[in-house]
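Along the sequence shown, the residues carry numbers beginning at 1.
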Amino acid sequence: MKKALLALALGITSSTTFAATVGTGSIHFYGRIDSGTCPIEIIDPVTGNPESGNRILMGNVDASQFTASGSEAAARSFGMRITPGGGCTVGPTDVANLTFTGAFGGAGTGGALYALEAGGAQNLALVLKDDTGTPIAHGSTSKAYPLNPTRPTTMLFSAAYKSTAAGVTAGPANTSVQFVVDIP
């Protein structure tokens, strides 16, 4: 079993205000690959290009978009690309499973969501989903993604903010998420 331990700091920084007044700002979803035998690129799934600085812009979010516990907003797709070669060997039947863990722990019912950094927006967390829209719970393994042994494989995911209770409040919405890619 090949196991690549990789760290991706999935951070969301926000200067967006969740007040009744109109405001502007930006949210950045960023990452960095630390180590592993198969390099992972964070890409824009629409263009196929690597994200500039590994940053995924989440867009502007207003608290009014979270009308009840479980409301989601600011969904953003991203891809993780594995390219065989240069020390990365992928067999014809290999698959990849990913396990995501949040630096600030779990949030929401059963801790299945990814908690945001303390001191920011309240009653809010991050949800990660696979390419079928199935949530990947904090600390759980994703579905198996088939890998191509000769060409790059892009595994698609999405991230969104999800309210954990009614009354999302204003503040930064930051988090970090690490991942491990396992190629059995």
How close do [X] and [Y] get, heavy atom to heavy atom, and via which atoms?
X	Y	value
P149	P92	CG-CA, 3.9 Å
T83	P152	OG1-CB, 3.6 Å
N123	G167	ND2-O, 3.0 Å
V181	A96	CG1-CB, 4.0 Å
P45	S77	CG-CB, 3.7 Å
A159	L126	CB-CD1, 4.0 Å

Output the distance between atom [atom1] ([X]) and atom [atom2] ([Y]), rounded to the nearest 0.5 Å.
X	Y	atom1	atom2	result
N49	E41	CG	CD	10.0 Å
I183	I82	CD1	CD1	4.5 Å
Q122	T169	CD	OG1	4.5 Å

Quick one: do [X] and [Y] end up in the same hydrophobic cluster if we chain Ile, Leu, Val, Met, Phe, Trp and Tyr together by side-chain heavy atoms under 4.5 Å apart?
X	Y	answer
F66	L116	yes
V127	M155	no
Y161	V168	yes

Side chain to side chain, [X] and [Y], heavy atoms closer than 4.5 Å:
X	Y	answer
I42	M80	yes
I136	L98	no
H138	T101	yes
F78	L128	yes
T164	L124	no

*Applying ring-ring contact (aromatic ring centres under 6.0 Å, His included), name anything that partners Y145, two or more places apart in sequence or on another chain.*
F157
Do side-chain atoms of [X] reach the backbone of [Y] as a donor and acceptor pair under 3.5 angstrom?
X	Y	result
T175	A115	yes
S158	A75	no
S163	G70	yes

*asked:* Strictly by salt bridge (Lys or Arg N to Asp or Glu O under 4.0 Å), give each pair with a member in residues 155-164 just once, sequence neighbours left out.
replied: E72-K162
*Taking it one step at a time, do R76 and D44 satisfy side-chain contact (heavy atoms from CB on, under 4.5 Å)?*
CA-CA 10 Å; R76 177 67 164 92; D44 179 326; 4.0 Å; yes
_Could you tell me if T150 and N148 have a donor-acceptor pair between their side chains, going purely by distance under 3.5 Å?_
yes
_Once side chain to side chain donor-acceptor pair (under 3.5 Å) is applied, do any residues pair with T134, and if so which ones, sequence neighbours excluded?_
T132
